[in-house]
Amino acid sequence: MTTDLSPQGLVAVYRTLGWKPAGRLAVKLATGETSSYCLRPSLIGDLIRMLDAPIVECNSADGGVRSRTESHLCLTEALGYAGLTEVDILDRNDTLCSETCREDWTMKKWARLGAAILTLTLCLMFGALLLNCMKPMEDRTYDLSLIWAGEAMPEGWVCDPKGWTVFTQEGEVVTELVPNGSGGFDRLDELGQTFYFSRLLSEDVDSPTLRLDATISSVAVFLDGALIYTDCPELDHRIGNLRLPMLDWVREEPVLVTLPQNYAGKTLTIAQSTAPYGGELQKPSMTVWPCAVTLYCGYAYESALVTALAEAVHREITRRTEERLLAQRFELAQSSNEALRRQNEQVMMLRHDMIKHFRVLRQMVTDEKTAAYFG
């Protein structure tokens with residue numbers, strides 16, 4: 001401890017320590033900024049010249065004049081340190097703190113931000129284009145069923161033939177069946193006989209698909225007499241020679257049959273089995289019930305699914321992009337908060353040092369008014 005705050009007093013304190021450093025010697029000095037408190041060259045000059053050692057310092061990583069070697073050296077010269085001895089910036093070529101590194105870090109930061117903006121723009125453009133191209137196609141559906149929808153017959157229901165002819169055929173002999181008014185048709189020749197129902201197709205749909213709700217009956221489908229689907233490929237499928245068996249299981253999914261694109265104007269014929277004897281699934285009857293038939297656009301449903309999937313993907317991409325932007329904003333906020341914290345620490349350290357210096361000055365002066373000023 002000394003009360004002699006002068007160049008000579010500082011040299012005297014150093015000599016009193018009796019310490020003689022060995023090896024390469026340097027003086028580490030906090031050069032500060034132009035507006036910061038720093039040691040006066042006139043105070044430390046004699047000691048540094050006596051030691052014949054260079055002043056060493058490092059560039060700062062939080063911006064400012066000392067963040068670049070050139071401006072840092074100019075600062076030391078402006079503060080008067082360069083006139084005392086050589087000033088060496090230790091990390092002037094350090095890859096972690098060099099100017100090249102800072103420029104690279106800045107470029108990476110802007111590159112990440114640009115990539116995020118580009119990604120968001122492309123996602124929005126692609127999503128809008130995808131949604132525009134994948135709008136659900138017109139779902140044209142034609143109910144060609146001869147029976148009502150549901151289990152119970154609606155009150156006042158009247159059978160609409162919808163252009164169908166229901167018949168049996170044995171060889172060349174065709175027998176037309178008679179509607180009974182409740183959706184069924186009578187006059188089978190025998191139990192288990194295969195019956196047919198036929199009509200001209202005039203409805204216009206894209207990707208025409210037939211849906212047959214035949215749960216326990218086997219079916220075969222013909223277009224202008226040509227077989228296009230059957231549950232029993234091993235049988236003779238000539239109309240008039242076909243005898244389809246009943247299924248021994250319950251079909252859980254409907255039968256879907258894709259029609260050719262040139263189906264319009266052709267005759268659709270559906271063959272359906274009947275029960276030859278009693279069983280658990282159906283009692284034998286001379287009355288037949290044609291299965292429900294629906295004609296619809298085969299890819300309208302798939303188009304709706306793809307559209308829903310595209311919308312879900314678009315929402316997910318948008319959500320993830322927003323999360324990434326929020327994360328980057330949070331990272332920038334954290335970085336700014338850390339810089340403010342470090343600045344606050346520096347201010348507190350400066351305040352602490354100033355208080356210590358004022359206390360020393362108060363102890364050194366003898367004038368009461370001056371002591372009161374520093375107190």
Side-chain angles (χ1 to χ4, degrees), residues 137-147 149 160-177 183-185 188 192-276 281-282 288-306:
M137 310 186 79
E138 185 178 1
D139 187 12
R140 286 188 179 179
T141 302
Y142 296 94
D143 184 8
L144 306 180
S145 304
L146 288 167
I147 197 171
D160 180 5
K162 299 180 181 179
W164 289 103
T165 299
V166 184
F167 60 94
T168 60
Q169 183 172 343
E170 300 294 336
E172 298 297 329
V173 180
V174 177
T175 303
E176 188 172 343
L177 302 184
F185 292 80
L188 275 183
Q193 185 178 15
T194 297
F195 74 97
Y196 306 85
F197 48 112
S198 179
R199 76 186 295 273
L200 186 69
L201 292 175
S202 58
E203 295 77 12
D204 182 22
V205 296
D206 293 324
S207 183
T209 303
L210 279 178
R211 169 181 171 143
L212 308 179
D213 294 316
T215 55
I216 59 176
S217 299
S218 57
V219 293
V221 182
F222 303 84
L223 195 62
D224 271 356
L227 180 70
I228 59 174
Y229 174 83
T230 181
D231 283 327
C232 307
E234 71 281 0
L235 300 180
D236 180 0
H237 286 89
R238 291 176 297 167
I239 296 177
N241 295 287
L242 186 60
R243 193 172 185 89
L244 293 171
M246 295 294 290
L247 299 178
D248 55 2
W249 49 278
V250 176
R251 199 192 317 256
E252 296 181 355
E253 299 292 334
V255 177
L256 300 180
V257 182
T258 301
L259 300 179
Q261 290 294 333
N262 60 346
Y263 74 96
K266 295 184 178 182
T267 300
L268 172 68
T269 302
I270 301 173
Q272 182 176 331
S273 63
T274 60
L281 299 180
Q282 181 175 344
V288 297
W289 305 83
C291 66
V293 181
T294 305
L295 175 64
Y296 67 97
C297 176
Y299 47 66
Y301 178 69
E302 288 80 0
S303 173
L305 288 180
V306 173

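As the structure is a computational prediction, the values presented were derived from the model and not from experiment. Residue numbers run from 1 in the order of the sequence given.
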Colleague: So, T209 side chain and S207 main chain: donor-acceptor pair closer than 3.5 Å or not?
Modeller: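 Yes.
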Colleague: CG of L146 to CG of D160: how many Å apart, nearest 0.5 Å?
Modeller: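 Going from the CG atom of L146 to the CG atom of D160 covers 8.0 Å.
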Colleague: Please round to the nearest 0.5 Å and tell me the distance separating atom CG of L177 and atom OG1 of T175.
Modeller: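 Reported to 0.5 Å precision, the distance equals 7.5 Å.
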Colleague: If the condition is side chain to side chain contact (heavy atoms under 4.5 Å, CB included), which residues does T230 pass it with, not counting sequence neighbours?
Modeller: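 Counting only residues at least two positions away or on another chain, T230 forms a side chain to side chain contact (heavy atoms under 4.5 Å, CB included) with A220, L227, C232, P233, H237.
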Colleague: State the NZ-CG distance between K266 and L223, to the nearest 0.5 angstrom.
Modeller: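 So the NZ of K266 and the CG of L223 are separated by 5.5 Å.
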Colleague: With side chains defined as the heavy atoms from C-beta onward, is the minimum distance between D236 and L242 less than 4.5 Å?
Modeller: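 Of all side-chain heavy-atom pairs linking L242 with D236, none is under 4.5 Å.
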Colleague: Of the non-hydrogen atoms in L247 and S217, which two are nearest, and what is the gap between them?
Modeller: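 Taking every non-hydrogen atom into account, CD1-O, 3.8 Å.
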Colleague: Considering all heavy atoms of both residues, which atom of M246 and which atom of S273 are nearest to each other, and what is their separation?
Modeller: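 In this case the closest contact between M246 and S273 is SD-OG, 3.2 Å.
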Colleague: Got a list of side-chain donor-acceptor pairs under 3.5 Å for residues 161-171, not counting sequence neighbours?
Modeller:
residue : atom : partner : partner atom : Å
K162    : NZ   : D143    : O            : 3.0
K162    : NZ   : S145    : O            : 2.9
W164    : NE1  : L144    : O            : 2.6
Q169    : NE2  : G171    : O            : 2.9
E170    : OE2  : Q193    : NE2          : 2.9

Colleague: With a 4.5 Å cut-off on side-chain heavy atoms, are L210 and T294 touching?
Modeller: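 A side-chain contact under 4.5 Å is absent here.
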Colleague: Using 0.5 Å steps for rounding, measure from the CG atom of L256 to the CG atom of L212.
Modeller: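 Taking CG in L256 and CG in L212, the distance rounds to 8.0 Å.
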Colleague: Give, for atom OG1 of T141 and atom CZ of R211, the distance between the pair rounded to the nearest 0.5 Å.
Modeller: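 If I round to the nearest 0.5 Å, the distance is 10.0 Å.
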Colleague: Could you give me the CA-CA distance, side-chain angles and deciding distance for T269 and T267, then say whether side chain to side chain contact (heavy atoms under 4.5 Å, CB included) is met?
Modeller: CA-CA 6 Å; T269 302; T267 300; 4.1 Å; yes
Colleague: Counting only heavy atoms not in E172, do more than 12 fall under 6.0 Å of its CD?
Modeller: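 Count not over threshold, so no.
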Colleague: Which heavy atom of P208 sits nearest a heavy atom of L295, and at what distance?
Modeller: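 That would be CB-CD1, 4.2 Å.
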Colleague: Find the distance between CD1 (I216) and SG (C291) and round it off to the nearest 0.5 Å.
Modeller: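 It comes to 11.5 Å.
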Colleague: I'd like to check V293 versus F197 (side-chain heavy atoms, cut-off strictly below 4.5 Å). Are they in contact?
Modeller: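 In contact.
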Colleague: Closest heavy-atom contact between F222 and A271?
Modeller: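 So the minimum-distance heavy-atom pair works out to CE1-CB, 4.2 Å.
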Colleague: Out of the candidates I228, L268, D224, V205, only one should pair with Y263 under the side-chain contact (heavy atoms from CB on, under 4.5 Å) rule; please name it.
Modeller: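 Answer after filtering I228, L268, D224, V205: V205.
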Colleague: If you look at every heavy atom in Y196 and T194, which pair is closest and at what distance?
Modeller: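 Smallest heavy-atom distance, with atoms named: CE1-O, 4.1 Å.
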